[in-house]
Peer 1: 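Supplied in structure tokens, the structure appears directly below.
What you see is a predicted model; the values in this text were computed from it and never measured. Values below: all heavy atoms of this structure, side chains included; hydrogens, waters and symmetry mates excluded.
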Amino acid sequence: MLKKFKAFTLAEILITLGIIGIVAALTIPSLIENYQKKSVANRLKKIYAVTKQAVLLSIAENEEVSGWDWDLAEKDIYSFTKRYFAPYFKGAQLYKGTEFRKIAKNYSIKNLANKRIVIPDSNAYAIIILIDGSYFITKEKHDTGYEWLYLDINGITGPNRIARDVFVLSMAPEYYFNKKLNSEIIFWNEGLSRKNLTEQGPTEDIANSGYYGCSKKNKYGYYSGYNCGALIKLDEWKILSDYPW
């Protein structure tokens, strides 16, 4: 006697495939985003460590950071970077802003508000292209005594945006920051509390406003998102749910 086997009908198969498709549509974007966040955090951690090591190597040859020629950083950032930074990143290449423009013609950096804030196409900038393709952009020393440095962890590849693939560091010879004398490269506002790093920005787009908050609420202001590197480090190199992704 032949045994009868139960089989799925075509309708049941189609319903099952439909359910699978819906579940995939709901979960795959989240999985991709989580993967991207983890990749960014891990890459940032690695390049941050490489940067700190480069500074230590420079200190070994050029004395402590406070003794570097900071007047040169204000007058000729390319020469400053050539002396104190570029040689200590293995395999790196150094360009003046005008030279860099020929390589990356349309490159610029945007803030959280998606406003273009940095176009490193003049000799006020010097650009180190690291061996992994990431950019380390140095800028002439700020008139208040510190220098901003922009780290683009994936180079020319987009979105070239603060908090996504561009993070801000600072350095100064004798600049008191968070009640400590800063004489090395750190993330901008590194050392502040999580509350201070994520504080809300202005309620409207105010040019050059001093709001650096790494928060989904901080959609305005020239410096929006500058705190994000410090926040990722504070969160143990993780990008959490309140991060402005």
Side-chain angles (χ1 to χ4, degrees), residues 36-37 39-41 43-48 50-51 73 77-78 80-81 85-86 89 92-130 132-144 146-171 185-190 197 201-202 205-216 218-233 239 243-245:
Q36 291 174 335
K37 288 180 178 180
S39 296
V40 167
R43 188 170 177 82
L44 181 61
K45 179 181 180 181
K46 178 181 177 180
I47 300 176
Y48 184 76
V50 169
T51 301
I77 190 61
Y78 176 81
F80 179 84
T81 305
F85 286 116
F89 291 96
Q93 295 177 300
L94 175 64
Y95 297 89
K96 294 180 179 180
T98 50
E99 297 171 337
F100 176 72
R101 197 60 174 174
K102 297 175 183 178
I103 300 172
K105 295 181 180 180
N106 298 316
Y107 181 85
S108 64
I109 295 173
K110 296 180 180 180
N111 61 10
L112 275 180
N114 206 33
K115 177 184 291 184
R116 187 178 297 167
I117 58 171
V118 177
I119 305 175
D121 59 355
S122 74
N123 288 338
Y125 296 91
I127 296 87
I128 304 172
I129 299 182
L130 305 185
D132 65 356
S134 54
Y135 295 161
F136 193 88
I137 301 168
T138 61
K139 188 178 184 297
E140 285 181 347
K141 192 177 73 168
H142 198 279
D143 56 9
T144 56
Y146 60 84
E147 180 183 357
W148 270 333
L149 307 105
Y150 299 91
L151 175 60
D152 188 329
I153 63 173
N154 61 359
I156 194 67
T157 305
N160 302 327
R161 188 173 178 182
I162 299 292
R164 287 296 297 271
D165 58 343
V166 180
F167 300 90
V168 184
L169 303 98
S170 65
M171 186 173 183
I185 292 180
I186 59 172
F187 285 120
W188 178 248
N189 274 338
E190 182 177 328
L197 290 175
D205 194 354
I206 305 173
N208 296 318
S209 60
Y211 291 89
Y212 309 98
C214 184
S215 167
K216 293 178 181 178
N218 189 13
K219 299 177 182 179
Y220 306 99
Y222 190 89
Y223 305 109
S224 57
Y226 273 43
N227 287 352
C228 287
L231 180 63
I232 292 175
K233 183 173 183 290
I239 295 178
Y243 189 88
W245 188 257

Peer 1: Under the side chain to side chain contact (heavy atoms under 4.5 Å, CB included) test against Ser170, which residue among Asn189, Ile185, Ile186 passes?
Peer 2: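 Exactly one option meets the side chain to side chain contact (heavy atoms under 4.5 Å, CB included) with Ser170, and it is Ile186.
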Peer 1: Under 3.5 Å, is there a donor-acceptor pair between the side chain of Ser224 and the main chain of Asn111?
Peer 2: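 Checking the backbone N and O of Asn111 against the side chain of Ser224, no donor-acceptor pair under 3.5 Å is found.
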Peer 1: Tell me every residue that passes salt bridge (charged side-chain N to carboxylate O under 4.0 Å, His left out) with Lys37, counting only those two or more places apart in sequence or in another chain.
Peer 2: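 Result, salt bridge (charged side-chain N to carboxylate O under 4.0 Å, His left out) vs Lys37: Glu33.
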Peer 1: Rounded at 0.5 Å granularity, tell me how far CG in Asn114 sits from CD1 in Ile162.
Peer 2: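 Output value for this atom pair is 12.0 Å.
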Peer 1: Main chain of Asn160, side chain of Asp165: is a donor-acceptor contact present, judged purely on distance under 3.5 Å?
Peer 2: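 Yes: the side chain of Asp165 pairs with the backbone of Asn160.
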Peer 1: If you take all heavy atoms of Ala86 and Ala92, which pair is closest and at what distance?
Peer 2: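 Closest heavy-atom pair between Ala86 and Ala92: O-CB, 4.3 Å.
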Peer 1: Can you sort out the partners of Ile232 under side chain to side chain contact (heavy atoms under 4.5 Å, CB included), two or more places apart, ordered by chain and number?
Peer 2: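 Per chain and number, Ile232 pairs via side chain to side chain contact (heavy atoms under 4.5 Å, CB included) with Ala41, Leu44, Phe167, Trp237, Ile239, Tyr243.
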Peer 1: Using only atom types and a distance under 3.5 Å, with no angle test, would you say the side chain of Asn218 pairs donor to acceptor with the backbone of Gly213?
Peer 2: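 The answer is yes, because a donor-acceptor pair under 3.5 Å joins these two groups.
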Peer 1: How would you list, by chain and number, every residue that makes a side chain to side chain donor-acceptor pair (under 3.5 Å) with Lys110, sequence neighbours excluded?
Peer 2: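 Scan of Lys110 (side chain to side chain donor-acceptor pair (under 3.5 Å), adjacent residues dropped) gives none.
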Peer 1: Side chain to side chain donor-acceptor pair (under 3.5 Å) with Ser134: which residues, sequence neighbours excluded?
Peer 2: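 Applying side chain to side chain donor-acceptor pair (under 3.5 Å) to Ser134 gives Asp132.
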Peer 1: Where is the tightest heavy-atom contact between Arg101 and Lys105, given as atom of each residue plus distance?
Peer 2: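 Heavy-atom minimum between the residues: CZ-O, 2.8 Å.
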Peer 1: For Lys216, is the NZ atom crowded, meaning more than 12 foreign heavy atoms sit under 6.0 Å from it?
Peer 2: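 Check passes, neighbour count above 12.
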Peer 1: Identify, with sequence neighbours excluded, every residue that meets side chain to side chain contact (heavy atoms under 4.5 Å, CB included) alongside Ala104.
Peer 2: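 Phe100, Tyr107, Tyr135, Ile156.
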Peer 1: Of all the heavy-atom pairs spanning Pro159 and Arg164, show the shortest one and how long it is.
Peer 2: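 Shortest heavy-atom contact: CG-CB, 3.8 Å.
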Peer 1: For Ala126, check side chain to side chain contact (heavy atoms under 4.5 Å, CB included) against everything at least two apart and list the hits.
Peer 2: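 Checked Ala126 against side chain to side chain contact (heavy atoms under 4.5 Å, CB included); matches are Ile77, Tyr78, Thr81, Leu94, Thr138.
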Peer 1: Does Thr98 have any side chain to side chain donor-acceptor pair (under 3.5 Å) partners at least two apart in sequence or in another chain, and if so, which?
Peer 2: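 Thr98 satisfies side chain to side chain donor-acceptor pair (under 3.5 Å) with Asn123 once adjacent residues are dropped.
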Peer 1: Using the six-membered ring wherever Trp is involved, compare the ring planes of Phe89 and Phe136 and label them parallel, tilted or perpendicular (cut-offs 30° and 60°).
Peer 2: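 Phe89 vs Phe136 ring planes: tilted.
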Peer 1: Write down the atom of Gly97, the atom of Ile127, and the distance for their closest heavy-atom approach.
Peer 2: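 Shortest heavy-atom contact: CA-CD1, 3.8 Å.
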Peer 1: Taking the six-membered ring for Trp and the single ring otherwise, decide whether the centroids of Tyr223 and Trp188 are under 6.0 Å apart.
Peer 2: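 For Tyr223 and Trp188, the ring centres are not under 6.0 Å apart.
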Peer 1: Using side chain to side chain contact (heavy atoms under 4.5 Å, CB included) as the criterion, list what pairs up with Glu99, not counting sequence neighbours.
Peer 2: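 Listed in chain order: Tyr95, Lys96.
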Peer 1: List for me each residue that meets side chain to side chain donor-acceptor pair (under 3.5 Å) alongside Ser108, sequence neighbours excluded, and say none if there are none.
Peer 2: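 Expected list: Arg116.
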Peer 1: Any chance you could lay out the side-chain contact (heavy atoms from CB on, under 4.5 Å) test for Leu169 and Tyr48, step after step, and finish with the verdict?
Peer 2: CA-CA 10 Å; Leu169 303 98; Tyr48 184 76; 4.0 Å; yes
